[in-house]
Amino acid sequence: MTRIKRGYIARKRRTKIRLFTSSFRGAHSRLTRTITQQKIKALVSAHRDRDRKKRNFRGLWISRINAVIRGNQKVLDIYSNLIYNLYKGQFLLNRKIVAQIAILKENCLFMIANDIIKTKNPRRYSGKI
């Protein structure tokens, strides 16, 4: 039986992985075994950090809204009451949009909050915890 030479398929697979890791430093871009390990590690980190980025932005939007609301306590006292009343009043504004309104145009946010107050029973902060 004749000897089977390993063809181009394995080399093609390795070069594809090498292209992915070509910007890595040291052995992480040169040695085949560490290249595959680093590729897996990079993909796992990317997947994990996509969720983490969403979480961080949500926290940023919440803190921006809360800072603007607490700066002017005439309208609504705290963030949770604003969000509760937004959903209760069926305003279709998510936290990202409300945060942009709060940063760029505070008056618009307070106009929205006044519309909420004009509705039947807005929830207000009682001062008790």
Checklist line | Ile69 side chain reached by Ile78 side chain, heavy atoms, under 4.5 Å | finding: no
Item checked: Hphob cluster co-occupancy, Trp61 + Ile103, side-chain heavy atoms under 4.5 angstrom -> no
Check: Nearest heavy-atom pair of Thr34 and Leu31: which atoms, and what distance?
Finding: OG1-O, 3.0 Å
Next item on the list: Can you run down the side chain to side chain donor-acceptor pair (under 3.5 Å) pairs that involve residues 102-112, sequence neighbours left out, and say none if there aren't any?
Entry: none
Next item on the list: Any chance you could measure Arg58, atom CZ, to Lys96, atom NZ, to the nearest 0.5 Å?
Entry: 14.0 Å
Atom pairs and distances, side-chain donor-acceptor, residues 41-56, under 3.5 Å, sequence neighbours left out:
from, atom 1, to, atom 2, distance (Å)
Ser45, OG, Lys41, O, 3.0
Asn56, ND2, Arg52, O, 3.4

Checklist line | Side-chain cluster (under 4.5 Å, hydrophobic types only) that Ile9 belongs to, other residues | finding: Tyr8
Notebook entry, point to check: To the nearest 0.5 Å, how far apart are CD1 in Ile83 and CG in Asn94?
Noted result: 9.0 Å
Item checked: Partner residues of Arg18 under the side-chain hydrogen bond (donor to acceptor under 3.5 Å, both in side chains) criterion, sequence neighbours left out -> Thr32
Next item on the list: Any chance you could lay out the side-chain contact (heavy atoms from CB on, under 4.5 Å) test for Leu82 and Ile65, step after step, and finish with the verdict?
Entry: CA-CA 9 Å; Leu82 175 71; Ile65 295 167; 3.8 Å; yes
Notebook entry, point to check: Around Arg13, counting heavy atoms of other residues, nucleotides and ligands shown, do more than 12 lie under 6.0 Å from its CZ?
Noted result: yes
Check: Are Tyr87 and Leu109 connected, step by step, through hydrophobic side chains (Ile, Leu, Val, Met, Phe, Trp, Tyr) whose heavy atoms are closer than 4.5 Å?
Finding: yes
Notebook entry, point to check: Would Ile97 and Val68 show up in the same hydrophobic cluster when neighbours are defined by side-chain heavy atoms closer than 4.5 Å?
Noted result: yes
Margin query: Any side-chain to backbone donor/acceptor pair from Asn66 onto Ile62? Under 3.5 Å, distance only.
Written below: no
Run the side-chain donor-acceptor check on residues 19-29: report pairs under 3.5 Å with partners two or more places apart or on a different chain.
from, atom 1, to, atom 2, distance (Å)
Thr21, OG1, Ile17, O, 3.2
Ser22, OG, Leu19, O, 3.2
Ser29, OG, Phe24, O, 3.2
Ser29, OG, Gly26, O, 3.2

Notebook entry, point to check: Sequence neighbours excluded, which residues qualify as side-chain hydrogen bond (donor to acceptor under 3.5 Å, both in side chains) partners of Arg95?
Noted result: Tyr79
